[in-house]
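These numbers were taken from a predicted model, which means no experiment stands behind them.
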Amino acid sequence: MQNIIAELPIELRALIDKMSAAWQVIDKGEKDYHWDLIWCELNAEINLSELQGIITAEQAQFLRKEYLRIKND
């Protein structure tokens, strides 16, 4: 599933990169004062991409789990 990243629109890839960088800061126990903004932007972009048919529901779920750290119930 990791191969989907290269196929994503540049806007979505840029937000994934920002989110990954923010998680690196958070995981070190430091504060990232823009984390919540980046998280919301990425979540919205994933949702929009799914609704527009740019990515599948399966791809969207993978991105939410991997980059937003949303767990499946």
Side-chain angles (χ1 to χ4, degrees):
M1 191 60 93
Q2 286 286 23
N3 297 337
I4 70 164
I5 303 303
E7 300 170 7
L8 296 175
I10 195 163
E11 299 85 6
L12 191 50
R13 284 183 298 179
L15 286 170
I16 287 170
D17 290 343
K18 283 183 177 182
M19 190 78 256
S20 295
W23 280 121
Q24 287 179 1
V25 172
I26 298 295
D27 290 343
K28 288 192 288 186
E30 299 173 6
K31 293 188 185 234
D32 183 327
Y33 294 101
H34 299 285
W35 173 89
D36 58 337
L37 174 63
I38 299 165
W39 192 98
C40 289
E41 284 182 306
L42 179 55
N43 188 41
E45 191 66 30
I46 291 169
N47 292 342
L48 181 61
S49 295
E50 182 182 7
L51 288 172
Q52 291 179 335
I54 296 169
I55 61 175
T56 66
E58 180 184 71
Q59 290 169 324
Q61 189 62 29
F62 169 80
L63 294 173
R64 290 181 191 106
K65 182 179 178 185
E66 187 72 20
Y67 297 103
L68 297 176
R69 298 185 181 181
I70 295 175
K71 298 183 191 249
N72 294 337
D73 290 335

Q. Atom CD1 in I46, atom CD in E41: separation rounded to 0.5 Å?
A.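 The distance works out to 12.0 Å.
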Donor-acceptor pairs are to be reported for all side-chain atoms of residues 11-29 against protein atoms at under 3.5 Å, with residues two or more places apart or in another chain.
unit_1 : atom_1 : unit_2 : atom_2 : d
R13    : NE     : L8     : O      : 3.2
S20    : OG     : I16    : O      : 3.0
W23    : NE1    : Y67    : O      : 2.8
D27    : OD1    : R69    : NH1    : 3.0
D27    : OD2    : R69    : NH2    : 2.7

**Q.** Residue pair I70 / W39, side-chain heavy-atom distance below 4.5 Å
**A.** yes
Q.
Just to verify, what does D36 make a side-chain contact (heavy atoms from CB on, under 4.5 Å) with, not counting sequence neighbours?
A.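 Per chain and number, D36 pairs via side-chain contact (heavy atoms from CB on, under 4.5 Å) with no residue.
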Q) Can you tell me how far CD of E7 sits from CD1 of I54, rounded to the nearest 0.5 angstrom? A)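 Reported to 0.5 Å precision, the distance equals 13.5 Å.
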**Q.** Distance in Å, I38 CD1 paired with N43 CG, rounded so as to fall on 0.5 Å steps
**A.** 13.5 Å
